[in-house]
Novice: 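The structure under discussion is supplied below as structure tokens; questions concerning it will follow.
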Amino acid sequence: KSAKAATPEQVRFDGWGGVVSEAFEKYAFEPYTKKTGIKVVSGTFGGADEYLARVKSSQPGEFNLAHLSGVFDYARYHGLGLSSELNEANIPNLKTVITSLIEPLRKISDGKLSAVPYDYGTTGIAYNRKHISDDEARAKGAKLMIDDAYKGKIGGWAEWKTRIWYGALQSDQDPNNIGDMEAVWDMIRKNRDLVLKYWTSGAELMSLLAEEEIYVTEGWSGRIRALQDQGHDIGYYDPKGGLGWQECIFVLKGSPMAACEELLNFMLEPEVAIAVAEGQFYPPALDPKKVELGKIIPTLPAFDPSGTLDGLSFFDPAYWNKNEAEWSKKFSRVQRGY
Amino acid sequence: MAAGVARAQKHAPWILLSPSLVTIGFLLIIPMMFIVVYSFWLRTATGADQVGFYLDNWQEVLSDRFYRDILLQTLKIAFFTTIICAVVGYIPAYFVANTKMRSKTFLLIMLMLPFWISYIIRTMSWINILGTSGAINGLLLWVGIIDSPLNMLYNQTTVILGLVHYLLPFMILNVYVSLEGIDKNLTEAAESLGCNGFQAFREVTLPLSFPGLAAGSLLCFVLASGTYITPLILGGPRDAMFANLVFEAIITQLNWPLGSALSLVLLVLLGALVVIYTRYLGVDQIAKSFR
Amino acid sequence: MAERQHAVELRNVVKRYGEFTAVKKMDLTVPENSFVTFLGPSGCGKTTTLRMIAGLTDITEGDLVIRDRRVNDLPIHKRNLGLVFQNYALFPHKTIFDNIAFGLKYRNVNKADIAQKVKSALDLVQLPHVADRYPNQLSGGQQQRIALARAIVIEPDVLLLDEPLSALDANLREEMRVELKRIQRELGVATIFVTHDQSEALAMSDKLVVMKDGIVEQEGQPEDVYNNPSSAFVADFLGHSNIFAGTLAEPSGETAPVQLEGGTTLKTTIHQIERVNRQQNIRAVIRAEKIMVSTNQNPTSNDSTSIPGRIKTVDYLGQMARYFITAEGQDWQVINPIDQHPFGEGADIFMHIPARNCVLLPGHHD
Amino acid sequence: MAERQHAVELRNVVKRYGEFTAVKKMDLTVPENSFVTFLGPSGCGKTTTLRMIAGLTDITEGDLVIRDRRVNDLPIHKRNLGLVFQNYALFPHKTIFDNIAFGLKYRNVNKADIAQKVKSALDLVQLPHVADRYPNQLSGGQQQRIALARAIVIEPDVLLLDEPLSALDANLREEMRVELKRIQRELGVATIFVTHDQSEALAMSDKLVVMKDGIVEQEGQPEDVYNNPSSAFVADFLGHSNIFAGTLAEPSGETAPVQLEGGTTLKTTIHQIERVNRQQNIRAVIRAEKIMVSTNQNPTSNDSTSIPGRIKTVDYLGQMARYFITAEGQDWQVINPIDQHPFGEGADIFMHIPARNCVLLPGHHD
Amino acid sequence: MTNGWSLIRIATILVYLFLFAPVAVVILLAFNANQFGSFPIEGFSLRWFDSLLHNDAIVRAFKTSLLLGILTSAISTTIGTMAAVAMVRYDFPGKKAISSLLIAPILIPEVVLAVALLLFLQFLALPKSFGLLLMGHVVFTLPFVLLVVQARLVSIRRDVEEAAMSLGATPIQTFFEITLPLMLPAVMAGMLFSFTISFDDITGTLFWKPGGVETVPTQIFAMLRNSISPEINALGAVMVIFTVAMPLVATAIARRVSAARIKASKAK
Ligand SMILES: Nc1ncnc2c1ncn2[C@@H]1O[C@H](COP(=O)(O)OP(=O)(O)OP(=O)(O)O)[C@@H](O)[C@H]1O
Ligand SMILES: Nc1ncnc2c1ncn2[C@@H]1O[C@H](COP(=O)(O)OP(=O)(O)OP(=O)(O)O)[C@@H](O)[C@H]1O
Ligand SMILES: NCCCCNCCCN
Ligand SMILES: [Mg+2]
Ligand SMILES: [Mg+2]
């Protein structure tokens with residue numbers, strides 16, 4: 001029955017579809033299978049939430065590896081008892097990974113790891129340069145998105161965390177330590193009334209900007225870069241204390257550990273990591289000081305040549321996790337005018 | 001009824017029904033029991049579910065104005081969608097049923113064409129039509145009727161538009177199928193008694209096509225009430241429907257107990273509608289006049 | 001305004017279904033206020049003609065004139081017709097009341113009058129208690145009567161009835177027919193009536209139209225058509241006739257002998273000889289009921305011929321019996337009223353045929 | 001195995017539709033190889049009875065026995081019936097060929113035989129060229145003939161015919177009836193035939209069943225039922241009768257005078273007096289065609305009564321005329337063959353009524 | 001009449017145009033050189049078709065969807081039609097309740113049904129499988145078949161079925177020879193419904209699909225998270241062209257064949 005998960009002939013991997021999974025398939029899974037004889041059954045999901053719902057309703061061992069987002073999700077999975085314990089000795093390539101990406105994960109799981117960081121990016125402010133100058137964007141920062149002048153031309157991600165984060169910035173508070181939550185909700189309401197559309201996917205974000213449905217929104221660095229590459233005149237700016245995030249490859253409890261660890265190590269091989277990064281326009285988690293990343297990677301937005309990621313702020317997992325239940329529910333109402 | 005036969009084979013209907021009943025029983029009834037049970041549990045701050053018998057979810061769902069408002073909004077949207085589908089869908093159904101063109105089947109297959117394109121893509125493509133740089137604005141700007149693009153997207157109207165587009169084929173096919181079965185002599189009889197074409201339609205064709213119209217309307221209403229993708233893609237921030245709340249509760253907030261209670265509310269409400277349908281518009285009622 | 005002559009007129013009307021021509025160059029007039037009956041074999045085009053007049057079937061060629069107006073393209077609901085379909089076409093989703101009230105509603109009759117009229121229509125067709133039922137709750141004959149009531153109640157200008165009484169028993173049918181005739185007279189409505197019942201056709205019609213294969217074979221007053229059929233077809237179709245080829249001899253006095261093919265010689269009248277223009281080759285038509293069968297050898301009068309024969313078969317028809325007789329090597333049929341008991345099979349009898357009952361037709365085939 | 005007596009037997013059969021009882025305690029036997037005709041007014045339950053025998057309608061109470069086997073619950077397709085529906089029920093989506101071939105297919109007849117049998121069935125109903133058409137391309141009468149062909153071609157054990165000839169003209173109907181009878185004899189198939197045509201019923205049946213309001217009113221040999229109706233209903237329903245209440249006087253010799261309510265006195269026979277057990281209050285039934293009308297005052301025999309009267313109306317029925325006559329303050333109807341011309345309206349005539357034609361019924365109402 | 005009819009024709013054309021508008025957009029964008037469509041379109045290219053051809057994942061997903069759709073519609077139409085016959089042609093206790101029950105699958109938001117079924121599976125400790133996915137699709141397409149077939153069946157005259165049985169056809173034979181052909185439009189409609197709904201389903205499929213199985217919608221859904229790819233439009237375009245062309249070609253062939261047959265029969 002559930003023995004299926006333990007069979008060493010195959011491991012299950014779930015991730016973002018499209019270009020990402022193509023790159024994974026070609027540069028990681030196929031050679032890995034050739035090398036080990038272990039098949040990688042790959043699946044896709046549309047978002048971390050949806051995936052979690054599926055994992056929660058599955059049997060242990062059914063899902064193995066997943067390309068998850070952010071430290072926050074790591075904490076969530078860990079909190080739900082879905083984490084495993086990696087034997088780092090089996091993943092020598094872990095040494096080349098940016099330390100500041102690994103540390104937050106360790107902190108959550110008592111010094112052990114259940115995942116390896118894989119890539120990172122920012123959620124900054126994207127604006128149409130035809131209508132908003134770089135200067136204006138820099139001057140107004142997060143408050144661009146509560147500017148009455150752009151009513152009906154503003155967008156935003158429909159995710160509660162990002163909304164609250166920006167609400168905190170707009171009410172001049174520290175997102176990881178909000179004092180006046182009501183003020184944040186007010187900012188969110190204000191933004192809501194000006195917004196044309198809360199987008200729910202990268203595709204939507206890109207088309208809203210590309211088709212000039214909106215002039216300003218917060219956006220994912222990689223997606224904005226993709227737009228710029230296509231010749232759209234879109235500016236991107238990380239305000240101070242810009243919102244950074246990382247993506248990791250998480251190993252779920254009940255997985256065949258040895259096989260998974262070998263796959264992880266394989267995926268951290270520079271060629272693999274770089275190919276994936278170039279496909280999705282997010283820099284790999286490899287430390288540029290330790291690994292040669294080629295020509296394109298250094299031009300990606302959010303790329304940190306120092307390999308320290310000092311300039312970015314991340315969701316404090318403990319803080320956000322604590323408020324998750326209340327805030328996510330509350331946002332659901334505020335979003336709808338309540 | 002062929003009751004001599006029917007009595008000899010009292011079990012016949014049960015044989016006919018058993019595959020459906022088994023399927024629904026195992027894949028719907030029993031699973032829904034879990035949902036009923038879940039609706040009495042509690043979602044804790046840590047994310048794990050508290051097993052027990054709590055009425056909190058039910059109390060919240062039934063007393064909170066938020067849910068009631070969204071529910072009403074949902075029913076309103078579903079209602080308008082259904083009405084529009086009925087009115088707009090009847091005409092092509094009538095045309096296809098009565099055309100002497102040999103292309104009848106072709107026209108029907110064409111009806112299903114949009115389904116080849118994924119629902120999400122199809123819905124999103126309205127943005128290419130109605131958007132600021134979409135086809136309509138492009139045309140109007142080019143012709144010079146307007147000089148700045150119109151804002152047509154992301155409101156309740158576009159949600160209804162998207163739903164109508166999605167549901168229209170269901171209505172058309174249902175109505176067509178009913179229309180196809182009407183004896184032409186009857187409209188002729190009506191006309192011979194002094195009806196003009198339209199009156200004969202109203203007196204004979206329309207009531208006799210009612211089974212299809214009712215079935216189509218039920219489908220449209222129920223499906224419209226249960227969608228979440230259309231409002232997500234074509235609605236503005238406030239244009240949520242009840243299924244969005246269910247989806248969010250279950251997927252985003254991972255609050256299955258609450259989601260269960262919410263979905264049961266919707267189930268009961270739509271179920272009442274179905275009961276009304278089976279009682280007053282359903283097969284038995286309609287069959288009366290045909291037997 | 002000049003007085004109208006015809007309620008309905010067909011001029012050179014043709015109806016083709018694909019390759020098949022159902023109605024061929026039909027000319028027909030239905031005088032105002034008259035009762036016209038179509039009689040003809042199954043499939044001869046009666047329903048098709050009615051449907052063309054009603055405007056339910058396209059006319060392939062020719063003109064349809066209703067009340068001096070060419071109406072080929074006038075929609076049916078503007079023709080003010082009462083129509084009874086061969087298969088009734090009652091509205092299955094409406095009660096009997098609503099079925100009958102239907103046409104009245106579209107004539108803006110007020111509610112009270114509708115109720116009143118429907119009630120009397122139901123009384124008329126002897127179904128006073130079925131107003132609340134649905135058509136599928138009625139027997140075949142009951143449905144047919146409702147169809148009739150529905151057509152009559154609107155008091156149309158033209159009444160088109162396609163075998164409206166075929167599902168009724170003889171008595172009821174007769175009552176209906178009397179009622180129909182009364183209504184037709186009272187309303188003065190031109191009526192076209194399709195029937196298979198000859199006695200019905202003969203009893204009711206002002207004008208009888210005998211059709212065959214999509215053409216009008218003969219039309220005229222019923223008695224006239226019956227007594228002077230213009231073709232063997234009509235002779236045979238209306239009632240039962242004995243038809244034999246024969247040759248005509250010179251007349252002697254008021255009668256003349258006809259030599260039938262089989263050898264039998266019959267007497268006929270001068271009048272008949274005139275009818276065939278004194279041609280030599282003729283066909284003699286003797287109606288089955290115009291022959292008297294008796295055991296008596298003597299002719300009833302001088303103008304009669306008496307032929308000995310033997311009865312082969314007898315059909316018992318109630319008040320009448322039908323005898324199949326062999327006489328002088330030929331088969332005859334005779335219909336005679338039964339006095340007490342019919343003659344038995346095998347009985348030797350004589351057939352007496354008055355000269356005036358030997359009708360002549362030209363000899364060519366028609 | 002004991003020889004079977006009855007092909008079909010109904011024992012105390014009742015059919016209710018909700019509150020309405022369509023068939024009430026019906027007892028009926030259809031002997032093997034016999035031809036049984038149902039005759040009765042519209043809505044009396046003929047179709048319902050046929051459908052119960054066929055197994056299409058549930059029997060509310062009672063037993064249905066086919067060939068000594070209670071078959072209330074036997075599904076229809078196992079009954080080997082040939083059934084012609086009042087409204088044909090042809091398969092609209094099948095060609096005429098396939099309609100007729102349908103039953104043969106289920107009897108494992110091979111293809112060549114099917115083609116052969118269908119062809120001869122089509123010939124039989126005189127529609128040899130319609131095999132490739134669809135039902136909606138046929139006229140009403142043609143459809144009816146196809147329905148008949150479809151039922152006959154399977155050579156069933158029991159043939160149930162619900163007005164199978166109603167849409168045909170008299171001649172064709174007669175030919176069909178002869179064919180039907182021939183087939184019935186050849187196959188020896190028990191046949192139940194519903195018709196509204198009395199002459200049809202009288203000519204064809206081995207047994208005639210007269211129904212009324214869901215019960216059998218009288219059954220027996222056709223001639224017997226016709227001549228000796230057991231009730232005023234039957235007397236009136238079969239043919240046309242003059243029925244008057246009256247009182248019986250003492251017989252003198254072979255005849256006895258009957259005093260009718262209106263004052264007229266008629267002669268009747270001892271035999272009739274026996275039939276009513278010499279009751280005093282009786283009803284006299286005189287069939288319309290058993291009265292002779294003439295301008296001659298003298299009775300045709302001593303046993304006749306002659307009554308003077310005046311003709312009010314005349315219906316021309318082809319070979320016959322129907323006279324509505326007022327005589328001694330009472331309304332009479334008489335059907336007489338036409339010799340040359342019918343009597344005119346307003347003519348003064350005499351009605352001659354032989355004593356043996358004055359049938360007596362008991363006086364109570366039935 | 002003629003006037004009214006041409007109005008109806010025009011209205012029908014408009015409705016079809018409305019239905020095809022997004023389809024047209026998708027096809028146009030499939031030939032668009034740019035990733036994002038803005039009108040007027042700026043360049044023509046076949047590159048998305050090319051990359052579609054080389055995208056194994058989508059091609060595989062397409063095959064899966066096709067198979068799933070076909071099986072779903074076959075099963076769903078079969079059992080749904082059976083149920084419809086039972087509902088219309090027979091009387092039995094609890095009929096109304098069962099009628100409501102059979103429609104229930106479309107009353108429950110798909111997410112809920114999806115999760116509920118998975119919970120049951122978890123309870124039974126059964127793995128996900130293609131069979132489960134298939135049966136899941138059957139469940140929520142069943143009401144469509146049922147409703148449309150029922151609506152047609154009520155208006156089919158009972159007496160033709162009776163005639164068939166009187167001629168010796170068993171009820172089952174009668175069904176296949178008489179009832180089914182007469183309600184074929186409805187059965188076809190039911191098949192179309194169930195196929196397209198299955199082909200187009202996202203939510204249920206997302207939850208029920210076993211490892212390694214992707215359908216076109218789930219594939220698209222996953223891709224969307226990053227960014228839309230006009231390969232999807234190219235796929236849609238290919239399928240649309242296929243759908244339009246197929247019946248046209250089929251009728252053309254049928255016409256040829258029947259014309260030839262008529263000729264042949266005339267030659268005889
Ligand atoms: N479904 C029904 N509900 C109620 N009454 C019915 C129903 N079907 C038939 N009846 C009634 O039952 C009676 C008998 O009907 P049936 O069809 O047997 O008559 P019938 O003798 O065949 O008459 P006809 O000669 O007019 O065809 C009729 O009075 C009819 O109104
Ligand atoms: N749609 C059609 N296609 C081809 N032939 C047809 C069509 N409809 C009728 N016919 C043929 O036209 C002829 C006339 O049909 P019509 O219905 O007028 O006959 P009818 O005189 O009413 O006969 P009946 O007395 O049997 O009702 C018939 O031979 C019939 O087969
Ligand atoms: N919480 C951060 C979300 C980042 C979205 N990532 C999309 C990435 C695809 N690889
Ligand atoms: Mg006809
Ligand atoms: Mg009947």
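In the text below, chain A, chain B and the rest are named by the order of the sequence lines, each starting its count at 1.
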Novice: Could you check which of Ala243(B), Pro114(B), Gly89(B), Ala249(B) has the highest count of heavy-atom pairs closer than 4.5 Å to chain E?
Specialist: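 Highest number of heavy-atom pairs under 4.5 Å: Pro114(B).
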Novice: Below 4.5 Å from any heavy atom of chain B, which atoms of Leu235(E) appear? Answer side chain, backbone, both or neither.
Specialist: neither
Novice: So what's closer than 4.5 Å to chain B heavy atoms on Phe18(E): side chain, backbone, both or neither?
Specialist: both
Novice: When heavy-atom pairs shorter than 4.5 Å are enumerated against chain B, which of Val216(E), Leu132(E), Leu102(E) gives the highest number?
Specialist: Leu102(E)
Novice: Check whether Ser178(B) reaches the backbone of Val175(B) with its side chain - one donor and one acceptor, N or O, closer than 3.5 Å.
Specialist: no
Novice: With no hydrogens and no angle check, just 3.5 Å: does a side-chain donor-acceptor pair link Asp201(E) and Thr205(E)?
Specialist: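 Per modelled atom types, Asp201(E) and Thr205(E) side chains form a pair under 3.5 Å.
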Novice: Counting only heavy atoms closer than 4.5 Å, note whether Asp159(E) contacts chain B via side chain, backbone, both or neither.
Specialist: neither
Novice: Using atom types as modelled and distance alone, determine if a side-chain donor or acceptor of Thr187(B) lies under 3.5 Å from a backbone N or O of Ala200(B).
Specialist: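 Flag not set: sc Thr187(B) to bb Ala200(B) has no pair under 3.5 Å.
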Novice: Below 4.5 Å from any heavy atom of chain B, which atoms of Ile103(E) appear? Answer side chain, backbone, both or neither.
Specialist: side chain
Novice: Pick one of side chain, backbone, both or neither for Leu153(E), based on which atoms fall under 4.5 Å of a heavy atom in chain B.
Specialist: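 For Leu153(E), there is no contact with chain B at all, as no heavy atom is under 4.5 Å.
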Novice: Quick check on Leu161(B) against chain E: is it the side chain, the backbone, both or neither that has a heavy atom closer than 4.5 Å?
Specialist: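 Both backbone and side chain.
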Novice: Counting only heavy atoms closer than 4.5 Å, note whether Met33(B) contacts chain E via side chain, backbone, both or neither.
Specialist: neither
Novice: Heavy-atom distance under 4.5 Å to chain E: side chain of Ile251(B), backbone, both or neither?
Specialist: side chain
Novice: Are Tyr90(B) and Ser209(B) linked by a side-chain donor-acceptor pair shorter than 3.5 Å?
Specialist: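 There is such a pair (donor and acceptor under 3.5 Å, judged by atom type) between the side chains of Tyr90(B) and Ser209(B).
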Novice: With chain E, which of Tyr38(B), Trp126(B), Trp142(B) has the greatest number of heavy-atom pairs at distances under 4.5 Å?
Specialist: Trp126(B)
Novice: Verify side chain to side chain donor-acceptor pair (under 3.5 Å) between Thr12(E) and Tyr94(B), making sure each step is shown before the conclusion.
Specialist: CA-CA 9 Å; Thr12(E) 302; Tyr94(B) 186 87; over 6 Å; no
Novice: Which word best sums up how the rings of Phe34(B) and Phe123(E) line up, parallel for under 30°, tilted for 30 to 60°, or perpendicular for over 60°?
Specialist: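 Phe34(B) and Phe123(E): perpendicular rings.
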Novice: Angle class for the Phe170(B)/Tyr166(B) ring planes (parallel below 30°, perpendicular above 60°, tilted otherwise)?
Specialist: perpendicular
Novice: Please determine, among Val23(E), Leu147(E), Ile79(E), Asp200(E), the option with the most heavy-atom pairs under 4.5 Å with chain B.
Specialist: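 Among the listed options, the one with the most contacts to chain B is Asp200(E).
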Novice: I need the residue from Leu19(E), Ile106(E), Val139(E), Val148(E) with the largest number of non-hydrogen atom pairs under 4.5 Å to chain B.
Specialist: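 Looking at each option in turn, the highest pair count goes to Leu19(E).
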Novice: Heavy atoms only, distances under 4.5 angstrom: which of Val177(B), Ile182(B), Leu168(B), Leu28(B) has the most pairs with chain E? Name it, please.
Specialist: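 Most pairs with chain E among the choices: Val177(B).
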Novice: Please look at Phe207(E) and chain B and tell me whether the side chain, the backbone, both or neither of the residue comes under 4.5 angstrom of a heavy atom of that chain.
Specialist: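 Interface part for Phe207(E): side chain.
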Novice: Would Phe195(E) and Phe144(E) satisfy ring pair (Phe, Tyr, Trp, His ring centres under 6.0 Å), going step by step from the backbone distance to the final call?
Specialist: CA-CA 11 Å; Phe195(E) 179 82; Phe144(E) 290 83; over 10 Å; no
Novice: Just so I understand: if I count every heavy-atom pair under 4.5 Å between each of Leu108(B), Leu111(B), Val275(B), Leu213(B) and chain E, which residue has the most?
Specialist: Leu111(B)
Novice: Given that the side chain runs from C-beta out, which part of Ile202(E) has a heavy atom under 4.5 Å from chain B: side chain, backbone, both or neither?
Specialist: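 Contact with chain B involves the side chain of Ile202(E) alone.
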Novice: With the side chain counted from C-beta on, respond yes when Phe193(E) and Asn174(B) share a heavy-atom pair under 4.5 Å apart, and no when they do not.
Specialist: yes
Novice: Need one label for Val240(E): side chain, backbone, both or neither, based on atoms under 4.5 Å from any heavy atom in chain B.
Specialist: both
Novice: Looking at Gly190(E), Ala97(E), Ala186(E), which one has more heavy-atom pairs under 4.5 Å with chain B than the rest?
Specialist: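 Greatest number of close heavy-atom pairs with chain B: Ala186(E).
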Novice: Would you say CG of Leu17(E) has more than 12 non-hydrogen atoms from neighbouring residues, nucleotides or ligands within 6.0 angstrom?
Specialist: yes
Novice: Output the option from Val246(B), Leu223(B), Thr123(B), Val96(B) having the highest count of non-hydrogen pairs under 4.5 Å with chain E.
Specialist: Leu223(B)
Novice: Which answer fits Leu117(E), side chain, backbone, both or neither, if we ask what part of it has an atom under 4.5 Å from a heavy atom of chain B?
Specialist: both
Novice: Looking only at heavy atoms, which two atoms of Met87(E) and Leu17(B) are closest? And how far apart?
Specialist: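 That closest heavy-atom pairing would be SD-CD2, 4.0 Å.
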Novice: Given that the side chain runs from C-beta out, which part of Leu142(E) has a heavy atom under 4.5 Å from chain B: side chain, backbone, both or neither?
Specialist: side chain
Novice: Between Phe115(B) and Phe199(E), is a ring pair (Phe, Tyr, Trp, His ring centres under 6.0 Å) present by the stated rule, with each step listed?
Specialist: CA-CA 8 Å; Phe115(B) 286 83; Phe199(E) 192 88; 9.9 Å; no
Novice: Give the member of Leu113(B), Ile35(B), Leu21(B), Thr23(B) that has the highest number of heavy-atom pairs under 4.5 Å with chain E.
Specialist: Leu113(B)
Novice: With only heavy atoms counted, which part of Leu267(B) is less than 4.5 Å from chain E, the side chain, the backbone, both or neither?
Specialist: both
Novice: With a 6.0 Å cut-off (strictly less than), is the heavy-atom count around CE of Met188(E), excluding the residue itself, greater than 12?
Specialist: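 Atom CE in Met188(E) is not crowded, with 12 or fewer foreign heavy atoms closer than 6.0 Å.
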Novice: So for Leu139(B), is it side chain, backbone, both, or neither that comes closer than 4.5 Å to the heavy atoms of chain E?
Specialist: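 Looking at Leu139(B), nothing touches chain E.
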Novice: Can Glu180(B) and Arg152(E) be counted as an ion pair, charged N to O under 4.0 angstrom?
Specialist: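 Judged by the 4.0 Å cut-off on N to carboxylate O distance, Glu180(B) and Arg152(E) do not form a salt bridge.
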Novice: So what's closer than 4.5 Å to chain E heavy atoms on Ile229(B): side chain, backbone, both or neither?
Specialist: side chain
Novice: Assess the side chains of Ser73(E) and Ser194(E): does a donor N or O sit below 3.5 Å from an acceptor N or O?
Specialist: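 Short answer, no.
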